[in-house]
Protein chains: 2
Amino acid sequence: MDVNHGLGEFEQLVLLALVRLGAEAYGVAIRDEIEREAGRDVTVGAVYTTLLRLENKGLVASRLGDPTPQRGGRRKKYYRPLAAGKRELAASVNALRRMTRGLTPGLELP
Amino acid sequence: MDVNHGLGEFEQLVLLALVRLGAEAYGVAIRDEIEREAGRDVTVGAVYTTLLRLENKGLVASRLGDPTPQRGGRRKKYYRPLAAGKRELAASVNALRRMTRGLTPGLELP
DNA sequence: GTCCATTTCTCCGACAAAGTCGAGGAAATA
DNA sequence: TATTTCCTCGACTTTGTCGGAGAAATGGAC
């Protein structure tokens, strides 16, 4: 009964990071990916909160990984986008693409 | 004292509509532009609230237009992005572009 | 001409949703 | 058991959303 009103900006970013990272998508890696690619500085806490909400909305799923053989190698929790998540993401990305169609990086209209 | 953390999704959309509409950017036209281009259904109230917040943050400015010679032609309030607004918008749009670089409309990685 | 219904547009107040942070806890290794 | 890596939780701020009220203008009935 909740015909979803689209993704927030950060949810979009997190979902995109999931797509980009593929099998390697877990909390810390996601944070790093966003910082590296989007140039945006966020805390891991923010990422986890968002991940949890996305999971509650049925847009992503998670699974626990095995412990890695390194100091402090705690089990990671990997995330992947579900079909509904991909659909939502594609919709909002494409909306953005339409809105920015024909705009230069400086936002001029050619 | 407020090292700004970027724009929300809707703020982004409204700002983009301003850029696209140029001199014709006022409340109702902005709503229509977003509906037409982004395919997203919003109320005018939502747009005004966002516009007001953007103005308070110094990202857009407004001026009153003249009454138009048509039934109910109340004076419009035109908005335009300020330098800081364009900067913010360009930053978040470019971040999105980097994150979606190489992704198909269906979000596959080629 | 005067009223008032109608149209166009803007403002406001309240609430829901998303975003953010920081401290703290669990599990693994050395 | 000290250290490292990662995840959870709770509190709070910022954004997003709506619906209805209000202001300004016109057109027509009388």
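In the text below, chain A, chain B and the rest are named by the order of the sequence lines, each starting its count at 1.
- One can place CZ of B/R75 at 16 Å from C1' of C/dC11, the figure rounded to the nearest angstrom.
- Salt bridge B/E9/B/R40: present, at least one basic N to carboxylate O contact under 4.0 Å.
- Taking atom CD of residue A/E88 and atom C1' of nucleotide C/dA18, one finds them 14 Å apart after rounding to whole Å.
- B/D32 places its CG atom 12 Å from the P atom of C/dT8, with the value rounded to the nearest Å.
- Out of C/dT20, D/dC6, C/dC11, the shortest distance to the side chain of B/Y79 is found at C/dC11.
- Inter-residue side-chain proximity for A/V42 and A/R31 is flagged as met; some heavy-atom pair is nearer than 4.5 Å.
- Atom CZ in B/R53 sits roughly 13 Å away from atom P in D/dC18 (whole-Å rounding).
- Taking the nucleotide of DNA chain C with the nearest heavy atom to each of B/A46 and A/F10, the more 5' of the two is matched to B/A46.
- Of all the heavy atoms in A/L89 and A/Q12, the pair that sits closest is CD1-O, 3.9 Å.
- Put simply, CZ on A/R74 is 18 Å from C1' on C/dA30, counting in whole angstrom units.
- For A/G45 and A/K76, each mapped to the nucleotide of DNA chain D holding its nearest heavy atom, the one lying further toward the 5' end belongs to A/K76.
- The shortest distance between the side-chain N/O atoms of A/K57 and the OP1/OP2 oxygens of C/dA18 is below 4.0 Å.
- For the pair B/L54 CG and D/dT14 P, the computed distance is 15 Å after rounding to whole Å.
- Using a 4.0 Å cut-off, some side-chain N or O of A/T43 falls inside it from OP1 or OP2 of C/dC21.
- When the side-chain nitrogen and oxygen atoms of B/R40 are compared with OP1 and OP2 of D/dT17, one or more of them lie within a distance under 4.0 Å.
- The CG atom of B/L52 sits 15 Å away from the P atom of D/dT14 (whole-angstrom rounding).
- Residue A/K77 has a polar side-chain atom (N or O) positioned under 4.0 Å from OP1 or OP2 of D/dT8.
- The interatomic distance linking B/L51 (CG) with C/dC9 (C1') rounds to 13 Å, in whole Å.
- Side-chain contact check for A/V28 versus A/D32: some heavy-atom pair is nearer than 4.5 Å.
- Taking the nucleotide of DNA chain C with the nearest heavy atom to each of A/V44 and A/G8, the more 5' of the two is matched to A/G8.
- In this structure, A/G27 reaches the sugar-phosphate backbone alone: every heavy-atom distance under 4.0 Å involves primed, P, OP1 or OP2 atoms, never a base.
- Smallest separation of non-hydrogen atoms from A/V19 and A/P81: CG2-CG, 4.4 Å.
- Of the candidates D/dA24, C/dG19, D/dT17, the closest approach to any side-chain atom of B/T49 belongs to D/dT17.
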